[in-house]
Student: 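Dropping the structure in here first, questions after.
Residues: numbered from 1 along the sequence shown. The figures that follow rest on heavy atoms only: side chains count, while hydrogens, waters and symmetry mates do not. Just follow the structure's listing: the first ligand is 1, and inside any ligand the first atom is 1. What you see is a predicted model, and the numbers here were worked out from it, not measured in a lab.
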Amino acid sequence: MYNAKSVVSELLALHIPELEPQQIIEMLEIPPNPEMGDLALPCFKLSKVLRKSPVKIAEELSQLIPPNENIDRIENLSGYLNIFLNQSNYIQQILSHILEAGKEYGSSNIGQGRNIVIDYSSPNVAKPFHVGHLRSTSIGNSLYRIFEFMGYNSVGVNHIGDWGTQFGKLITAYKHWGNEEAVNEGLIKELVALYVKFHEEAEKDSALDDEARQWFLRLEQKDEEAHKLWKWFVDISLEEYQKVYDLLDVSFDSYAGEAFYIDKMEPVIKELDDKGLLTESKGAKIVDLEEYDMPPCLILKTDGSTIYATRDITAAIYRKDTYNFEKCIYVTGVSQSLHFKQWFKVIEKMGYDWYKDLHHVPFGTVSIGGEKLATRTGNVVLLEDILSKAIEKTLETIDSKNPNMENKHKIAQQMGVGAVIFSDLSSNRIKDVSFSWDEILNFDGETGPYVQYTHARACSVLRKANNAGNIEESELDSKNLLSKEEYQLTKTLADFPDKVKQAQKDLEPSILTRYLVDVAQDFNRFYHEHSILVSDIGVRSSRLALVKATKLTLANGLYLIGLHAPEQV
Ligand code: ARG
């Protein structure tokens with residue numbers, strides 16, 4: 001694809017033999033204001049190499065380089081070389097490329113089919129699937145799609161929390177206060193209620209904690225009753241999660257959760273021991289990490305039971321053997337950062353050089369109305385309830401705008417769910433997010449519905465043109481697209497491949513979320529300033545080509561953040 005920076009840097013390199021084009025690319029900047037050009041070279045960066053003042057360099061270069069088919073003019077301004085592209089040539093190249101690439105626009109082959117394991121969502125059975133897990137699910141799903149788009153083979157793993165001491169607590173609670181009927185009826189809600197009750201009661205009576213430990217130990221020792229209850233709780237939870245995944249349109253290649261590693265931990269514990277890494281501490285087995293200023297990584301508790309970290313170490317080795325990944329990415333809340341640092345170190349100490357390929361991708365907390373969510377205190381808002389409410393509210397908006405719309409339920413679902421995902425991906429993932437209904441569902445704000453609505457608006461223009469029998473993309477003549485809105489929109493569209501790369505490199509879907517808002521805003525400015533379906537066929541076809549390129553870019557981008565792009569809203 002035509003790339004303005006490379007075109008310009010190649011030209012400049014002819015006149016600056018001291019530098020390679022790649023070095024010049026890295027120096028080029030986008031001026032804060034289009035009146036200062038499309039690209040600028042800050043010449044102070046060259047002073048040292050050329051042993052001249054920036055002002056002198058800018059002056060000389062601006063005179064040396066004549067305009068050509070790519071460059072309209074070059075101006076020098078206080079030590080900066082301001083480069084103005086040949087607008088019409090630029091627009092022609094960019095739009096033709098986007099229209100030709102279509103669904104592939106922005107994609108690449110960089111990954112060459114190499115495997116990237118992404119561990120995301122991973123809710124804990126018997127605890128609710130709440131908005132914190134939604135963040136993991138939406139970030140992970142977006143990274144999954146971005147890596148695939150870059151030519152990698154993504155492997156999505158849902159490392160379900162289906163093992164651990166919480167089962168001891170849950171079984172204890174069930175034994176004391178639960179019954180079969182209530183569980184079959186209330187499903188996850190009932191399991192959560194039992195879990196919360198356990199914590200309330202255990203505050204008053206610490207014997208319950210011992211009982212819970214006993215039950216978990218029985219479970220680890222394959223006790224029949226414990227196992228049966230465990231399996232029942234897991235099945236109920238998985239079935240409920242599936243409903244949420246269907247709504248979110250998220251899927252996984254593997255559901256190998258914590259329990260999958262039960263029989264795989266023993267050889268790993270032995271390996272740790274053989275490598276001299278295990279030490280005993282107050283009856284427990286740990287890997288000492290003092291030299292790295294970290295608390296020890298606990299491997300076996302005093303009662304011989306395994307923990308979260310034991311399973312993570314085992315799972316990483318299993319995944320390396322199974323998928324030979326280039327990277328294995330873990331998407332969880334920032335509160336788990338130390339956990340990952342510790343056991344990544346254990347993998348390193350075991351002598352596995354691929355410890356470098358393990359990445360923790362942390363994110364900030366989610367609050368609703370300013371309150372943090374915690375399972376133990378029962379302050380949880382179930383994701384399923386949030387999604388249903390978002391869908392319901394979107395349906396109300398649709399009903400007030402366009403009550404006779406076809407498929408309105410399906411579209412309300414795509415937009416309601418989209419609004420929730422989009423808001424989750426809007427800010428840098430490490431930031432805490434606070435959830436507000438009014439903000440996320442606003443069709444005019446920087447929201448999912450706004451971007452989806454803009455996409456549908458572009459589709460509607462194309463539909464009208466099509467019905468009138470006049471889509472003539474081949475007639476694209478960029479000389480008809482010289483207004484500042486058209487130029488700005490094209491420039492923004494041209495950024496898409498770089499944004500995808502950046503999002504992949506930083507493991508940061510919010511780069512795309514924010515980018516899509518820019519595209520939508522630039523498109524709407526163009527749409528309000530210019531009529532598209534005008535009688536001049538040259539102008540009409542060229543504008544339609546721009547609309548179509550926008551629609552393609554929005555659709556590709558929405559897909560990468562996990563949203564649908566309805567054609568009509
Ligand atoms: N189940 C954990 C939680 O909800 C997240 C698991 C993340 N993945 C992992 N391999 N540790 O906090």
Side-chain angles (χ1 to χ4, degrees), residues 116-141 143-144 154-167 169-170 188 191-192 195 216 230 233-234 237-238 240-241 244-245 250 252-262 264-265 268 297-299 306-323 325 327-347 354-355 357-366 372-376 380-383 424 429 507:
I116 304 288
V117 173
I118 309 176
D119 174 320
Y120 60 109
S121 195
S122 312
N124 298 319
V125 169
K127 297 194 201 168
F129 193 140
H130 58 66
V131 287
H133 289 116
L134 171 67
R135 262 201 119 180
S136 171
T137 311
S138 36
I139 294 170
N141 182 50
L143 293 178
Y144 185 102
S154 300
V155 181
V157 181
N158 196 337
H159 188 75
I160 299 273
D162 53 5
W163 204 249
T165 44
Q166 81 259 30
F167 286 96
K169 296 176 184 175
L170 191 62
I188 287 196
L191 296 181
V192 172
Y195 188 74
F216 181 54
W230 166 79
F233 299 151
V234 171
S237 304
L238 286 180
E240 297 252 303
Y241 298 152
V244 174
Y245 294 135
V250 166
F252 299 89
D253 301 296
S254 157
Y255 277 87
E258 297 193 43
F260 179 77
Y261 299 99
I262 299 171
K264 300 181 179 58
M265 284 186 279
V268 174
C297 184
L298 185 57
I299 303 289
T306 58
I307 70 153
Y308 187 42
T310 328
R311 293 186 278 282
D312 258 335
I313 294 167
T314 309
I317 296 172
Y318 173 85
R319 290 174 190 174
K320 186 66 194 174
D321 286 347
T322 311
Y323 305 110
F325 53 74
K327 273 190 180 49
C328 182
I329 293 170
Y330 298 84
V331 187
T332 80
V334 68
S335 61
Q336 297 194 27
S337 292
L338 178 62
H339 162 76
F340 285 100
K341 266 205 203 109
Q342 287 174 301
W343 76 258
F344 288 178
K345 208 29 138 186
V346 174
I347 296 280
W354 47 265
Y355 76 91
D357 308 325
L358 304 170
H359 299 267
H360 180 218
V361 174
F363 55 81
T365 58
V366 187
K372 269 204 195 149
L373 305 159
T375 319
R376 291 178 183 203
V380 280
V381 182
L382 286 187
L383 181 59
D424 240 346
R429 58 182 155 69
L507 305 170

Student: Among all protein heavy atoms in this structure, tell me which lies nearest to atom 3 (C) of ligand 1, with the distance rounded to 0.1 Å.
Tutor: N124 ND2, 3.5 Å
Student: What pair of heavy atoms forms the shortest contact from V234 to V125, and how long is it?
Tutor: CA-CG1, 3.8 Å
Student: Looking at W163, Y255, Y318, which hits ring pair (Phe, Tyr, Trp, His ring centres under 6.0 Å) with F260?
Tutor: Y318
Student: When you compare ligand 1 with E258, is there at least one nitrogen or oxygen pair between them that comes in under 3.5 angstrom?
Tutor: no
Student: Quick one: which ligand 1 atoms are inside 4.0 Å of a heavy atom on F340?
Tutor: 11 (N)
Student: Relative to the heavy atoms of D119, which atoms of ligand 1 are at a distance of less than 4.0 Å?
Tutor: 7 (C), 8 (N), 9 (C), 10 (N)
Student: Looking only at distances, can you tell me whether any N or O atom of H339, backbone or side chain, sits closer than 3.5 Å to an N or O atom of ligand 1?
Tutor: no
Student: Do any heavy atoms of Q336 fall under 4.0 Å from ligand 1?
Tutor: yes
Student: Under a 4.0 angstrom heavy-atom cut-off, which atoms of ligand 1 come close to T332?
Tutor: 7 (C)
Student: We want to know whether Y245 and N158 form a side-chain donor-acceptor pair, criterion being a heavy-atom distance below 3.5 angstrom.
Tutor: yes
Student: Mind running side chain to side chain donor-acceptor pair (under 3.5 Å) on Y241 and S121 for me, showing each step along the way?
Tutor: CA-CA 10 Å; Y241 298 152; S121 195; over 6 Å; no
Student: Counting only heavy atoms not in K341, do more than 12 fall under 6.0 Å of its NZ?
Tutor: no
Student: For D253 and Y144, test the side chains for any donor-to-acceptor distance below 3.5 angstrom and give the result as yes or no.
Tutor: yes
Student: Only heavy atoms of Y308, strictly under 4.0 Å: list the atoms of ligand 1 that pass.
Tutor: 2 (C), 5 (C), 6 (C), 7 (C), 9 (C), 11 (N)
